[in-house]
Amino acid sequence: MHLQLDEKLKTRITGVTFGMVTIHGVTVRESDERLWKQVEILSQRLTSEFSLDRLSENEQIAAVRGLQKSFGFDPTRYRPSSESLLRRVLKGQGLYQINTAVDVNNLCSLEFLLPMCSYDLRNVKGRVRVRIGEPGEEYPGIGRQVFQAENKVIIADDSSIMGSTVSDSERTKVSTETTDILLAIYAPANMDPRMIERYATLAGQRMVEFNGGQACDISALTLTI
């Protein structure tokens with residue numbers, strides 16, 4: 001599964017890299033004690049390294065906020081998913097335990113401090129591309145909140161919107177019924193694409209470690225003007 005970038009994005013984004021990996025033949029379970037222990041250890045480390053009132057001083061967090069703004073989202077109202085996870089940790093709220101695929105996604109997003117999303121390939125139709133939302137477009141996010149997508153940068157297939165840096169769609173969310181996953185990482189232009197490809201490789205390895213299957217089609221796709 002490969003990602004396509006709409007040419008119109010060049011009028012909106014100064015640069016972005018998408019890390020991609022496909023994982024086939026997974027067995028997603030409700031939980032895994034060893035995986036959740038990794039989440040807890042990482043959360044403890046981040047609590048010692050970050051404070052809520054100084055997040056904007058972190059270069060990467062600031063860069064991701066800039067990327068979020070270029071995607072058409074107010075980063076103070078619709079925070080990048082990675083920052084939302086970090087804020088939950090720093091507030092002592094912890095992460096939600098969803099399933100062994102989503103938990104791996106969130107573990108990696110929290111470690112890399114980059115927005116990440118995972119999609120159930122069974123429900124993906126045709127081409128997958130990053131594009132700008134059309135007038136009147138919207139989609140039900142996970143949890144059924146409806147997101148207005150007009151003039152926002154979103155990821156979509158030939159059927160409809162799959163998600164954004166804020167929330168994945170209900171239609172393509174990963175569940176315990178999922179057998180094949182497409183995972184995407186969003187990274188700002190100031191990050192080395194080779195590092196993003198390494199992140200995609202690591203995310204694929206962790207998916208396989210806790211869900212089985214095989215990772216393939218690992219790549220980093222960069223858009224620059």
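A heavy-atom distance below 4.5 Å is found between the side chains of Met191 and Gln60. For the pair Val102 and Lys173, the minimum side-chain heavy-atom distance is 4.5 Å or more. Between Met207 and Val26, every side-chain heavy-atom pair lies at or beyond the 4.5 Å cut-off. For the pair Val39 and Ser43, the minimum side-chain heavy-atom distance is below 4.5 Å. Two residues are said to be in side-chain contact when any heavy atoms from C-beta on lie closer than 4.5 Å; Glu209 and Arg34 meet this criterion. Looking at heavy atoms from C-beta onward, Phe50 lies in side-chain contact with Leu113 at the 4.5 angstrom threshold. Side-chain contact check for Arg65 versus Leu55: some heavy-atom pair is nearer than 4.5 Å. Side-chain contact between Pro115 and Gln68 is absent, with no heavy atoms from C-beta onward closer than 4.5 Å.
Between the Glu111 side chain and the Leu42 main chain, no donor and acceptor come within less than 3.5 Å of each other. Asn105 contributes no side-chain N or O that, together with a main-chain N or O of Cys108, makes up a donor-acceptor pair within less than 3.5 Å. In this structure a side-chain-to-backbone donor-acceptor pair under 3.5 Å is missing from Asn151 to Gly72. A donor-acceptor distance shorter than 3.5 angstrom exists from the side chain of Arg29 to the backbone of Phe210, with no hydrogens or angles considered. With hydrogens and angles ignored, the 3.5 Å screen pairs no side-chain donor or acceptor of Arg122 with any backbone N or O of Asp180. Remark: side-chain polar atoms of Gln148 are not paired, donor with acceptor, to backbone N or O of Glu138 under 3.5 angstrom. Between the side chain of Asp158 and the backbone N or O of Arg127 there is at least one donor-acceptor pair closer than 3.5 Å. In this structure a side-chain-to-backbone donor-acceptor pair under 3.5 Å is missing from Asn123 to Thr172. For Arg12 (side chain) and Ile132 (main-chain N/O), no donor-acceptor pair under 3.5 Å exists by modelled atom type. Checked by atom type and distance alone, the side chain of Glu83 never pairs as donor or acceptor with a backbone atom of Pro80 at under 3.5 Å.
Other residues, nucleotides and ligands contribute at most 12 non-hydrogen atoms within 6.0 Å of the CD atom of Glu59. Other residues, nucleotides and ligands place more than 12 heavy atoms under 6.0 Å from the CD atom of Glu49. Other residues, nucleotides and ligands place more than 12 heavy atoms under 6.0 Å from the CD atom of Gln93. Within a 6.0 Å sphere centred on CD of Gln214, other residues, nucleotides and ligands contribute 12 heavy atoms or fewer.
Using cut-offs of 30° and 60° on the angle between ring planes, the pair Phe18 and Phe71 is parallel.
Of all heavy-atom pairs between Gly15 and Leu67, the closest is O-CD1, 4.1 Å. Residues Gly141 and Glu170 share a closest heavy-atom pair of O-OE1, 3.6 Å. Closest heavy-atom contact between Met116 and Leu183: CE-CD2, 3.6 Å. Scanning all heavy atoms of the two residues, the minimum distance from Val21 to Cys216 falls at CG2-O, 3.7 Å. Nearest heavy-atom pair across Ile13 and Ser70 is CG1-OG, 4.1 Å. Nearest heavy atom pair, residue Val166 against residue Ser81, reads O-CB, 4.4 Å.
Linking ILVMFWY residues whenever their side-chain heavy atoms come closer than 4.5 Å, directly or via other members, leaves Ile41 and Trp36 in distinct clusters. Side-chain heavy atoms closer than 4.5 Å link hydrophobic residues (I, L, V, M, F, W, Y) into clusters, and following such links, possibly through other members, connects Ile154 to Val130. When hydrophobic clusters are built by joining Ile, Leu, Val, Met, Phe, Trp and Tyr residues whose side-chain heavy atoms come closer than 4.5 Å, directly or via intermediates, Ile98 is grouped together with Val89. Cluster membership check: Ile161 shares its hydrophobic cluster with Val153, using side-chain heavy-atom separations under 4.5 Å among Ile, Leu, Val, Met, Phe, Trp and Tyr. Criterion: ILVMFWY side-chain heavy atoms under 4.5 Å apart, direct or through other members. Under it, Val64 and Leu46 are part of a common hydrophobic cluster.
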Met20 vs Asp217, side-chain contact (heavy atoms from CB on, under 4.5 Å): CA-CA, chis, key distance, verdict: CA-CA 7 Å; Met20 307 293 298; Asp217 298 331; over 6 Å; no

Step by step, would you call Asp192 with Arg194 a salt bridge (Lys or Arg N to Asp or Glu O under 4.0 Å)? CA-CA 5 Å; Asp192 188 339; Arg194 293 171 297 182; 2.8 Å; yes

Tell me, with the steps shown, if Asp157 and Tyr119 meet side-chain contact (heavy atoms from CB on, under 4.5 Å). CA-CA 11 Å; Asp157 60 12; Tyr119 304 106; over 6 Å; no

Between Met162 and Cys117, does a side-chain contact (heavy atoms from CB on, under 4.5 Å) hold up when you go through it step by step? CA-CA 10 Å; Met162 296 163 57; Cys117 36; over 6 Å; no

Glu33/Lys37 under salt bridge (Lys or Arg N to Asp or Glu O under 4.0 Å): CA gap, chis, key distance, verdict: CA-CA 6 Å; Glu33 184 176 342; Lys37 184 64 176 178; over 6 Å; no

Under the side-chain contact (heavy atoms from CB on, under 4.5 Å) criterion, do Leu110 and Leu95 qualify, and how do the steps go? CA-CA 10 Å; Leu110 193 57; Leu95 304 189; 4.0 Å; yes

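With no hydrogens or angles considered, no side-chain donor-acceptor pair links Thr100 and Asp32 at under 3.5 Å.
Distance check, rounded to the nearest 0.5 Å: OG1 of Thr165 to CG of Leu114 gives 11.5 Å. With rounding to the nearest 0.5 Å, the separation of CD in Gln97 from CD in Glu30 is 9.5 Å. Distance CD1/Ile23 to OG1/Thr178: 11.0 Å, rounded to 0.5 Å. A distance of 11.5 Å separates OH of Tyr186 from OG of Ser82, quoted to the nearest 0.5 Å. Remark: Leu3 CG to Leu182 CG distance equals 7.5 Å, nearest 0.5 Å. Rounding to the nearest 0.5 Å gives a distance of 5.5 Å between CD1 of Ile142 and OG of Ser167.
Residues satisfying the side-chain hydrogen bond (donor to acceptor under 3.5 Å, both in side chains) test with Ser48, not counting sequence neighbours, are none. Residues satisfying the side-chain hydrogen bond (donor to acceptor under 3.5 Å, both in side chains) test with Tyr139, not counting sequence neighbours, are Ser164.
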